[in-house]
Protein chains: 2
Amino acid sequence: MNFTTSEENYIKCIYHLQQETGTVNTNSLAAEMHTRPASVTDMLKKLKAKKLLQYERYRGFKLNEAGKKVALEVVRKHRLWEYFLVEVLKFDWDKVHPIAEELEHISSDELVQRLDKFLGNPSFDPHGDPIPDRNGKIPVLNQLNLSEIPVKKTVTVSSVSNQTAQMLEMLKHYKIALGTQLQVNKKFAFDGSLEIKVLKQSPCIISEQVAKNVFVHYEL
Amino acid sequence: MNFTTSEENYIKCIYHLQQETGTVNTNSLAAEMHTRPASVTDMLKKLKAKKLLQYERYRGFKLNEAGKKVALEVVRKHRLWEYFLVEVLKFDWDKVHPIAEELEHISSDELVQRLDKFLGNPSFDPHGDPIPDRNGKIPVLNQLNLSEIPVKKTVTVSSVSNQTAQMLEMLKHYKIALGTQLQVNKKFAFDGSLEIKVLKQSPCIISEQVAKNVFVHYEL
DNA sequence: AATAAAATTTAGACAAATCTAAAAATTTAA
DNA sequence: TTAAATTTTTAGATTTGTCTAAATTTTATT
């Protein structure tokens with residue numbers, strides 16, 4: 001089945017809302033889509049006709065399995081393109097969202113497969129969000145503090161708890177950003193400092209104080 | 001100014017037609033666009049309102065300078081994406097057109113600039129068609145027979161006159177395809193054979209008979 | 001339980017892009 | 001140069017996605 005750009009955008013939006021709330025209502029979807037409740041009702045009828053929704057008049061609604069499958073394909077494309085834009089074309093990670101919003105609607109399945117392969121089948125996008133695989137399986141994010149991970153395990157930076165300018169300056173110096181892949185080479189018991197190896201960089205030492213503020217994840 | 005996908009498709013199509021015939025008429029544009037003459041008239045009104053056309057009722061029409069600029073931007077995007085699909089994602093060159101038809105409408109200028117840079121500012125797409133630069137300048141195609149080009153000049157294969165299965169098998173063996181870049185290392189006067197160096201391949205020898213059927217181009 | 005408030009849907013309209021059928025302008029050709 | 005053929009345009013409809021305003025249903029409150 002084929003879907004319009006508008007349908008795909010609604011489906012994706014419903015998907016994200018129902019992840020948080022289980023069931024979605026017309027007003028919140030309208031707010032999220034920057035449109036009017038009446039427009040939402042119109043689109044819901046179309047999506048119900050295409051059998052993508054559990055939906056009853058005046059009650060809430062959510063995607064059924066078919067709808068979730070479509071949503072995951074769009075999310076997959078969005079995040080793969082974001083990865084491409086940042087890792088290949090060297091965009092700043094905070095500039096890529098609107099472009100990926102357009103690219104995610106390109107329809108070729110083979111394009112997605114080849115892009116995925118070219119990028120090395122990445123599991124997380126530059127914002128740290130998981131990229132569903134071609135079957136719609138979402139890699140589980142196992143978030144840990146950098147000071148706790150085993151040595152030699154390749155992990156991806158997913159969040160930073162201390163977002164002061166001083167901390168960000170430090171992370172920039174170490175070339176650590178959201179999505180950066182790194183390993184811990186050694187842990188020094190004396191002061192809790194770590195020798196880490198950032199992908200494509202030389203190893204360096206960071207203090208326990210820094211490590212405590214960096215959270216990372218890896219696939220199970 | 002912004003343009004819809006539909007407007008861009010009409011503009012591109014008018015551009016290609018007027019390259020051949022100087023001026024374009026409603027019926028031929030309708031045929032080329034797989035649509036009806038009445039639909040063409042409707043769109044022409046819009047394009048005239050946006051001051052992209054020289055157009056008078058019942059007379060022919062053509063793009064003015066502003067219209068040509070838009071056309072060249074779309075052509076540039078189309079051909080850069082085709083290059084990307086073939087050279088980076090390893091699509092067969094005969095499969096990329098419909099995908100590039102979608103990608104060419106992605107609007108970000110920065111995306112095009114970065115893509116162009118990433119690809120190494122290519123001058124010709126995988127079909128041998130010239131890629132306009134960011135100012136709309138089209139590289140001049142200087143087509144010559146492979147047997148006639150100076151040694152050590154990097155050239156791009158643009159056409160093959162003998163398209164028999166035997167010839168294509170041979171070219172495939174040598175890893176020569178449309179768009180392949182190569183140099184002639186030596187010319188042997190004895191039998192007219194050539195030692196050529198295909199980009200990323202080891203040098204090899206081809207007969208004068210093969211060379212006579214391969215046409216190449218390079219920028220002036 | 002009755003009423004007020006909030007959420008949702010219906011009804012009717014509009015813009016973009018398309019279509020068919022018919023009218024108008026232009027070109028061709030007898 | 002007038003009639004026929006061709007080309008182009010207009011008129012009016014259709015589809016998709018959107019909107020506003022009003023009506024309806026559900027939920028909350030007194």
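Naming: A, B, ... by sequence-line order, numbering from 1 per chain.
Using a 4.0 Å cut-off, some side-chain N or O of R36(A) falls inside it from OP1 or OP2 of dT20(D). Taking only side-chain nitrogens and oxygens, K45(A) never comes nearer than 4.0 Å to OP1 or OP2 of dT9(C). Checking the phosphate oxygens (OP1, OP2) of dT10(C), a side-chain nitrogen or oxygen of R57(A) falls inside 4.0 Å. The side chain of T4(B) contributes no N or O atom lying less than 4.0 Å from OP1 or OP2 of dA16(C). Applying the 4.0 Å criterion to OP1 and OP2 of dT16(D), one finds that K46(A) has every side-chain N and O outside that range. Within the structure, every side-chain polar atom (N or O) of S39(A) is placed at least 4.0 Å from both OP1 and OP2 of dT18(D). Checking the phosphate oxygens (OP1, OP2) of dA23(C), no side-chain nitrogen or oxygen of Y58(B) falls inside 4.0 Å. OP1 and OP2 of dT16(D) both lie 4.0 Å or more from every side-chain N or O belonging to S6(A). Contact check, T35(B) against dA17(C): no side-chain N or O comes under 4.0 Å of OP1 or OP2.
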**Prompt:** Passes side chain to side chain contact (heavy atoms under 4.5 Å, CB included), Q54(B) versus F61(B)? Steps please.
**Reply:** CA-CA 5 Å; Q54(B) 283 177 250; F61(B) 48 88; 5.9 Å; no

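In the set dT9(D), dA17(C), dT9(C), dT9(D) carries the atom at the smallest distance from any side-chain atom of T41(B). Closest to the side chain of A38(A), from the set dT8(D), dC19(D), dT24(D), is dC19(D). Minimum atom distance to the side chain of D42(A) is reached by dC19(D), of the listed dC19(D), dT9(D), dA17(C). For M43(B), counting side-chain heavy atoms from C-beta on, the closest listed nucleotide (dT18(C), dC19(C), dT8(D)) is dT18(C).
Here dA6(C) presents its P atom at 21 Å from CG of L29(A), a figure rounded to the nearest Å. Atom NZ of K50(B) is separated from atom C1' of dA17(C) by 13 Å (rounded to the nearest Å). Across the protein-nucleic acid pair, N27(A) atom CG and dT24(D) atom P stand 19 Å apart, rounded to whole Å. Separating the CZ atom of R59(A) from the C1' atom of dT27(D) is a distance of 11 Å, rounded to the nearest angstrom. The separation between L44(B) atom CG and dT9(D) atom C1' is 11 Å, rounded to whole Å. Between the CZ atom of F3(B) and the P atom of dA17(C) there is a distance of 12 Å, rounded to whole Å.
Y10(A) and F3(A) have their aromatic ring centers separated by at least 6.0 angstrom.
Among all heavy-atom pairs drawn from L85(B) and A100(B), the shortest one is CD1-N, 4.2 Å.
If you check every strand for non-hydrogen atoms under 4.0 Å, Y10(B) touches sugar and phosphate atoms only. Counting non-hydrogen atoms under 4.0 angstrom, F61(B) reaches nothing in the nucleic acid.
Side-chain contact check for E20(B) and H16(B): no donor-acceptor pair (N or O, by modelled atom type) lies under 3.5 Å. Checking S158(B) against Q143(B) by side-chain atom types alone, a donor-acceptor pair falls below 3.5 Å.
Counting non-hydrogen atoms of other residues, nucleotides and ligands closer than 6.0 Å to CD of E32(A) gives a total of 12 or fewer.
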